[in-house]
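Have a look at the structure below before the remarks.
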Amino acid sequence: MKRPALWAFMLLAIVLFAGHEAFAASSLGIKLPEDPTKAYITLGILLVAAVMFFTEVVPLPITALLVPVALSLTNVVSSKVAFGYFGDPTVVLFMAMFIVGEATFITGFADKVGGLAVKLSKGNPVKLIVYTMAAIGLLSTVLSNTGTTVVAVPMVLGMCIKAKLAPGKVLMPVAFASSLGGTVTLVGTPPNGIINSMLAQTGQSPFGFFEFGLIGMPLLVVGLLYYAVIGHKFLPEKLHDDSEDDIEVDAKIRREHKMWHSVLIFAFVVAMMASEIMPLTTAAVLGACLMVITGCMTMREAFRSVDWTTIFLFAGMLSMSAAMDKSGAAAIVANAVVSTVNDPWMLMFVCCALTAAITNFMSNTATAALMAPLALPIALASGISPLPIAMGIAMSASCCFLTPIATPPNTIVLGPGRYSFMDYVKAGWPLQLISLIMCWLLIPLIWPFH
């Protein structure tokens with residue numbers, strides 16, 4: 001087993017032991033399970049899944065499918081709940097946008113966009129990465145970072161074809177930039193809204209719409225600088241075996257007389273998502289249907305365009321997120337760590353680090369909803385302002401770069417980028433560490449403890 005994975009598993013084992021010791025002594029506002037059996041079963045399944053993900057002893061989609069199987073067989077959650085997430089709106093959104101994106105390739109639209117991007121960057125791969133990250137990051141400040149990423153993927157792939165650059169060199173930084181951009185405003189990422197809601201419930205004044213940007217914008221800028229200077233060296237160097245064939249095929253299949261149909265449909269989908277006239281999923285599915293109806297692509301091409309690795313991985317791990325929440329497993333781990341800290345700076349560090357760690361294997365929205373009611377009462381009881389703690393949780397729930405299941409943008413690029421699980425660890429750990437240190441040190445300076 002590779003060393004990063006081994007250390008991760010040892011750390012998790014220590015946390016589990018601490019959780020068992022601290023369970024009975026909890027006196028915090030968050031509800032812990034009376035019978036922790038299902039919680040420990042859930043953590044055991046997560047541990048086994050983590051080993052399988054990191055070592056890839058079986059393909060990633062198979063591991064993801066075995067998660068709801070295990071949760072169902074052990075009665076942690078019902079079969080209906082375990083497998084119900086395959087119909088989750090976000091899963092359907094991914095499927096629909098794979099179809100919409102493929103249509104832009106088939107009609108040649110993605111090529112045009114890619115050619116323009118290559119021209120602006122003058123063929124320099126590092127400039128191409130940073131310019132693309134900047135564009136996606138800024139869009140994500142005012143649009144959903146999930147929606148921005150699914151719209152951007154086909155354009156980025158077209159750009160990579162024109163530049164003869166492996167998609168894996170660009171798509172992961174784009175996903176990270178989308179997550180960082182989402183931290184700048186209230187609507188960029190769901191955890192920001194969750195945190196504001198939690199503050200209101202405790203009688204505190206919520207953060208302003210752009211107030212998140214006081215720390216979110218520095219995080220985005222540092223992310224861009226990191227990839228401009230050194231981060232690009234940590235990205236996968238070569239195409240995986242089947243990627244070259246895919247690019248070659250993509251370059252040949254074109255239905256250019258339908259380009260303007262695809263452009264109008266694509267623009268319609270983006271406009272509906274941006275204006276929120278339609279829900280993201282509704283707009284994406286309608287766009288996918290229109291691509292086939294107008295002849296931009298055939299049904300066979302639509303079916304083949306869906307990346308099932310992404311679908312199975314995301315849907316399968318949503319069941320783990322639900323199990324971590326419903327069984328109380330996440331609460332036990334979080335309580336065991338947070339309840340032992342009193343110093344404001346250490347509380348800040350623990351909340352940020354623990355939020356990031358849990359989010360790498362659980363929905364970032366669910367993690368924010370878990371950590372806020374756990375940490376805010378501790379801050380209030382200690383006589384310190386809950387604002388820095390709340391902001392630290394919000395930022396850390398979105399700044400997660402170690403796994404493809406940490407955030408929807410990370411998951412979206414997994415298949416198109418032909419990444420392995422360890423690719424995320426190798427490329428993401430420096431940015432994970434940088435963002436953690438920035439949140440820990442800068443947030444209390446902007447929103448003081450006292």
Side-chain angles (χ1 to χ4, degrees), residues 1-16 39-77 79 82-83 85-86 91 94 166-168 171-172 175 234-246 306-324 327 329-330 333 357-363 400-407 410-429 432:
M1 185 184 300
K2 295 186 171 101
R3 293 197 175 200
L6 180 61
W7 283 109
F9 304 145
M10 290 175 64
L11 179 61
L12 181 56
I14 292 170
V15 171
L16 294 184
Y40 290 118
I41 291 173
T42 300
L43 290 170
I45 293 171
L46 175 61
L47 180 61
V48 173
V51 173
M52 294 173 71
F53 276 136
F54 279 109
T55 58
E56 295 193 42
V57 291
V58 297
L60 295 182
I62 301 302
T63 298
L65 285 172
L66 288 173
V67 168
V69 169
L71 292 172
S72 176
L73 289 176
T74 53
N75 292 318
V76 173
V77 294
S79 177
F83 295 98
Y85 291 99
F86 285 86
V91 175
F94 290 176
L171 283 172
M172 194 182 293
F234 290 90
L235 296 166
E237 287 294 331
K238 296 179 180 179
L239 286 168
H240 290 268
D241 294 337
D242 55 350
S243 295
E244 292 178 0
D245 294 335
D246 290 344
V306 177
D307 187 89
W308 295 106
T309 296
T310 300
I311 300 302
F312 289 148
L313 186 68
F314 190 75
M317 291 310 293
L318 279 179
S319 65
M320 173 55 73
S321 180
M324 290 280 288
S327 70
V333 173
I358 294 176
T359 299
N360 274 299
F361 289 97
M362 185 172 165
S363 156
C400 295
F401 314 110
L402 296 179
T403 71
I405 53 180
T407 62
N410 285 13
T411 309
I412 291 164
V413 302
L414 172 67
R418 299 295 188 268
Y419 296 118
S420 69
F421 207 92
M422 283 303 298
D423 284 338
Y424 285 83
V425 178
K426 293 173 184 176
W429 75 263
Q432 184 78 72

Practice item. For K426 and F234, run side-chain contact (heavy atoms from CB on, under 4.5 Å): C-alpha distance rounded to whole Å, both residues' side-chain angles, the deciding distance at 0.1 Å, then the answer. Key: CA-CA 6 Å; K426 293 173 184 176; F234 290 90; 5.8 Å; no

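- Atom CD1 of residue I62 and atom OG1 of residue T309 lie 9.0 Å apart, to the nearest 0.5 angstrom.
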Review point. Given the rule in the side-chain contact (heavy atoms from CB on, under 4.5 Å) test, do Y424 and V413 qualify, once you have shown the distances and angles that lead to the verdict?
Key: CA-CA 11 Å; Y424 285 83; V413 302; 3.6 Å; yes

Check your understanding: Given the rule in the side-chain contact (heavy atoms from CB on, under 4.5 Å) test, do Y419 and N410 qualify, once you have shown the distances and angles that lead to the verdict?
Key -> CA-CA 10 Å; Y419 296 118; N410 285 13; over 6 Å; no

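- Take V48 and apply the side-chain contact (heavy atoms from CB on, under 4.5 Å) test, not counting sequence neighbours, and it matches M52.
- The nearest pair of heavy atoms linking L235 to A427 is CD2-CB, 4.0 Å.
- Residue A329 comes nearest to A39 through the heavy atom pair CB-O, 3.5 Å, listed as atom of the first residue, atom of the second, then distance.
- For the atom pair OG1 (T63) and CE (M317), the distance works out to 9.5 Å, reported to the nearest 0.5 Å.
- Separation of atoms CD1 (I405) and CE (M320) is listed at 8.5 Å; rounding is to 0.5 Å.
- From L73, atom CG reaches atom CG of L66 across 10.0 Å, with rounding to the nearest 0.5 Å.
- Here the straight-line distance linking atom CG of L313 with atom CG of L65 works out to 9.5 Å at 0.5 Å rounding.
- The aromatic rings of F421 and F361 sit parallel, their planes meeting at an angle under 30°, below the 60° perpendicular limit.
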Exercise for review: Take T55 and M422 through the side-chain contact (heavy atoms from CB on, under 4.5 Å) test and state the conclusion after the steps.
Suggested key: CA-CA 8 Å; T55 58; M422 283 303 298; over 6 Å; no

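- Looking at residues two or more places apart in sequence or on another chain, you find a side-chain contact (heavy atoms from CB on, under 4.5 Å) between S319 and V67, P68, L71, Y85.
- Inter-residue side-chain proximity for F86 and V91 is flagged as unmet; no heavy-atom pair is nearer than 4.5 Å.
- Remark: S327 engages T42 in a side chain to side chain donor-acceptor pair (under 3.5 Å) (not counting sequence neighbours).
- Of all the heavy atoms in Q432 and C400, the pair that sits closest is OE1-CA, 3.5 Å.
- Of the possible donor and acceptor atoms, one in the side chain of T403 sits under 3.5 Å from a partner among the backbone N and O of N360.
- Here the CD1-CZ distance, from I311 to F94, works out to 7.0 Å after rounding to the nearest 0.5 Å.
- Of all the heavy atoms in A70 and T74, the pair that sits closest is O-OG1, 2.7 Å.
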